[in-house]
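Computed from a predicted structure; not experimentally measured.
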Amino acid sequence: MSDDILLRLMDVLESRKQADPDSSYVSSLYHKGLDTILKKIGEESAETIIAGKGGDEKQIVYEMADLWFHSLVLLAHKGLSAEQVLNELDRRFGLSGLEEKASRKDK
């Protein structure tokens, strides 16, 4: 179910590329460009950190949803997909974090 919502959301985000920036928040982000999208990710990341420090579970979930959403906007903007990220996570599954990090040094 969780990956299904990500894939459905990616479809919506892709469709917003053709929408009028005045009628769609996501389209307005695409229209403003990469720097605006990255700024939103930075803002949402900071808000997630603050929520994490605050300890309110509902606020953590809310801010994390915003962070994931804007991260998905970045993926769509760059022509990438949530499925690619899910595949990468699947590739890493079962690997020690130390092993995975060491394998990146070869790339």
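- Ala82 approaches Met10 most closely through the heavy-atom pair CB-CG, 3.5 Å.
- The shortest distance between side-chain heavy atoms of Val12 and Arg8 does not fall below 4.5 Å.
- Summarising the local packing, CD of Glu83 is surrounded by 12 or fewer heavy atoms from other residues, nucleotides or ligands at distances under 6.0 Å.
- The side-chain heavy atoms of Asp56 and Tyr62, taken from C-beta on, include no pair separated by under 4.5 Å.
- When hydrophobic clusters are built by joining Ile, Leu, Val, Met, Phe, Trp and Tyr residues whose side-chain heavy atoms come closer than 4.5 Å, directly or via intermediates, Val85 is grouped together with Ile37.
- Partners of Lys17 by side chain to side chain donor-acceptor pair (under 3.5 Å), not counting sequence neighbours, listed by chain and number: Glu14.
- Across Val73, Leu67, Leu75, a single residue satisfies side chain to side chain contact (heavy atoms under 4.5 Å, CB included) together with Ser71, and that is Leu67.
- Side-chain contact check for Lys78 versus Leu34: some heavy-atom pair is nearer than 4.5 Å.
- Distance alone, capped at 3.5 Å, is enough to place a donor-acceptor pair between the Gln84 side chain and the Ser81 backbone.
- To the nearest 0.5 Å, atoms CZ (Phe69) and CG (Leu6) are separated by 12.0 Å.
- Cluster annotation: Met64 and Ile50 are assigned to distinct hydrophobic clusters (Ile/Leu/Val/Met/Phe/Trp/Tyr, side-chain heavy-atom contacts under 4.5 Å, transitive).
- Rounded to the nearest 0.5 Å, atoms CG (Leu72) and CG (Leu80) are 11.0 Å apart.
- With hydrogens and angles ignored, the 3.5 Å screen pairs no side-chain donor or acceptor of Ser45 with any backbone N or O of Gly42.
- Here side chain to side chain donor-acceptor pair (under 3.5 Å) pairs that include residues 18-39, with residues two or more places apart or in two chains, are Tyr25-His70.
- Taken to the nearest 0.5 Å, the CZ atom of Arg16 stands 12.0 Å off from the CG atom of Leu29.
- One finds the CD atom of Glu88 at 11.0 Å from the CG atom of Leu86 (value rounded to the nearest 0.5 Å).
- Within the 4.5 Å cutoff, no side-chain heavy atoms of Trp68 are placed close to those of Thr48.
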